Asker: 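First the structure, which I've put down as structure tokens, then a few questions once you've had a look.
For clarity, every value in this text was computed on a predicted model and none was experimentally measured.
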Amino acid sequence: MEQLPPQNETVLIRRAFGLSGKTLGEIAANQGTHCPPDLKRHKGWVGQLLEWVLGASAGSKAEPDFPHLGIELKTIPVDGSGKPRESTYVCVAPLDGSMATQWHESWVCRKLSKVLWIPIVSDANTPLSERRIAPPKLWTPTPKQAHQLQTDWEGLFELIASGSIWQMDAFKGDVLQLRPKGANKNDLVWAIDEEGNWVQTVPRGFYLRPSFTREIIASQFTDPP
DNA sequence: CTCTGATCATTA
DNA sequence: TAATGATCAGAG
């Protein structure tokens, strides 16, 4: 059964904490569904399940999962020590000239202004149904983190704005990076190159590096006082 | 077709 | 073995 959207932040947090310690198998059963055998053909399944359970409403729209609260929901796979096992997708990077030119108006800034992180503990061999939910973390970038994000975003924006398609790779950016984000390498979008010509290239998205997300959720894995 | 949810799988 | 580049499924 689908949850109603949480009326306020407190309700959302309470719901999220209520899930910690449970396995994905238990959560799925409570929803009257079951876990797929693995994530190879269901990569977004965990995120969708948690959206459902917590009452997220934005679906696939380019807005926060909880629009009335301005909160974005992110599940993140971590190992036993709380280290993220993957990078975190943020949003697409328009290459057609439609991207915001100011950091504070960018999708990255808006999406990351307030995020509810839900770590899922596992290693490569843990069956999906046995993966366990860790305590959630409601996060807003610290001044230092906001500065790091802005600096990287401005650098990456410069690449995009100048049409440096061929210099775009995942090595750029300390905490934020650009990576392909499409169905496959035949999935192409139009972009403007250095000379102002329209060319086709794979779609890109902004991702957070694991070293950055590790800092964010670290407090959930340290011993309480 | 685009954007969401992400993880997979090959490379360095 | 970590990181990059590639990929899979669902919703609007």
Asker: Where each residue is assigned the nucleotide of DNA chain C containing its nearest heavy atom, which of K83(A) and Y207(A) is assigned the position nearer the 5′ end?
Answerer: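 Its nucleotide being nearer the 5' end, the pick is K83(A).
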Asker: Under 4.0 Å between any heavy atoms, over every strand shown, what does R85(A) touch: base, sugar-phosphate, or nothing? Just pick one.
Answerer: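 If one applies the 4.0 Å heavy-atom cut-off, R85(A) turns out to touch nothing in the nucleic acid.
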Asker: Can a side chain N or O of K40(A) be found less than 4.0 Å away from OP1 or OP2 on dA9(C)?
Answerer: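 The answer is no; no side-chain N or O of K40(A) sits under 4.0 Å from OP1 or OP2.
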Asker: For dA3(C) and K172(A) - does any side-chain N or O of the residue sit under 4.0 Å from the phosphate oxygens OP1/OP2?
Answerer: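 No, no such contact exists.
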Asker: Given atom CH2 of W107(A) and atom P of dT2(B), what is their separation to the nearest angstrom?
Answerer: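 Distance, rounded to whole Å: 12 Å.
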Asker: What integer distance in Å separates L176(A):CG from dA3(C):P?
Answerer: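 Roughly 16 Å, once rounded to whole Å.
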Asker: Indicate, yes or no, whether a donor-acceptor pair under 3.5 Å links the base of dT4(B) to the side chain of K181(A).
Answerer: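 Check passes, donor-acceptor contact within cut-off.
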Asker: On DNA chain C, compare the nucleotides closest to Q177(A) and A183(A); which residue's is nearer the 5' end?
Answerer: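 In this pair, the answer is Q177(A).
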Asker: I'd like to check I192(A) versus L95(A) (side-chain heavy atoms, cut-off strictly below 4.5 Å). Are they in contact?
Answerer: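 No; the side chains remain at least 4.5 Å from each other.
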Asker: Scan D169(A) against the nucleic acid and name what it touches under 4.0 Å (heavy atoms): base, sugar-phosphate only, or nothing.
Answerer: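 Result for D169(A) = sugar-phosphate.
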Asker: Is the distance from OP1 or OP2 of dT4(B) to the nearest side-chain N or O of Q48(A) less than 4.0 Å?
Answerer: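 For dT4(B), OP1/OP2 do not have a side-chain N/O of Q48(A) under 4.0 Å.
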Asker: With the threshold set at 4.0 Å, does a side-chain nitrogen-carboxylate oxygen contact exist between K74(A) and E72(A)?
Answerer: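 Salt bridge between K74(A) and E72(A), a charged N being under 4.0 Å from a carboxylate O: yes.
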Asker: For dA9(C) and R41(A) - does any side-chain N or O of the residue sit under 4.0 Å from the phosphate oxygens OP1/OP2?
Answerer: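 For R41(A), the contact criterion (side-chain N or O under 4.0 Å from OP1 or OP2 of dA9(C)) is met.
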Asker: Looking at every strand, decide which applies to T75(A) at a 4.0 Å heavy-atom threshold: base, sugar-phosphate, or nothing.
Answerer: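 Sugar-phosphate, backbone atoms only, no base.
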Asker: Taking the side chain from Q200(A) and the backbone from V189(A), do they hold a donor-acceptor pair closer than 3.5 Å?
Answerer: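 A pair under 3.5 Å: no.
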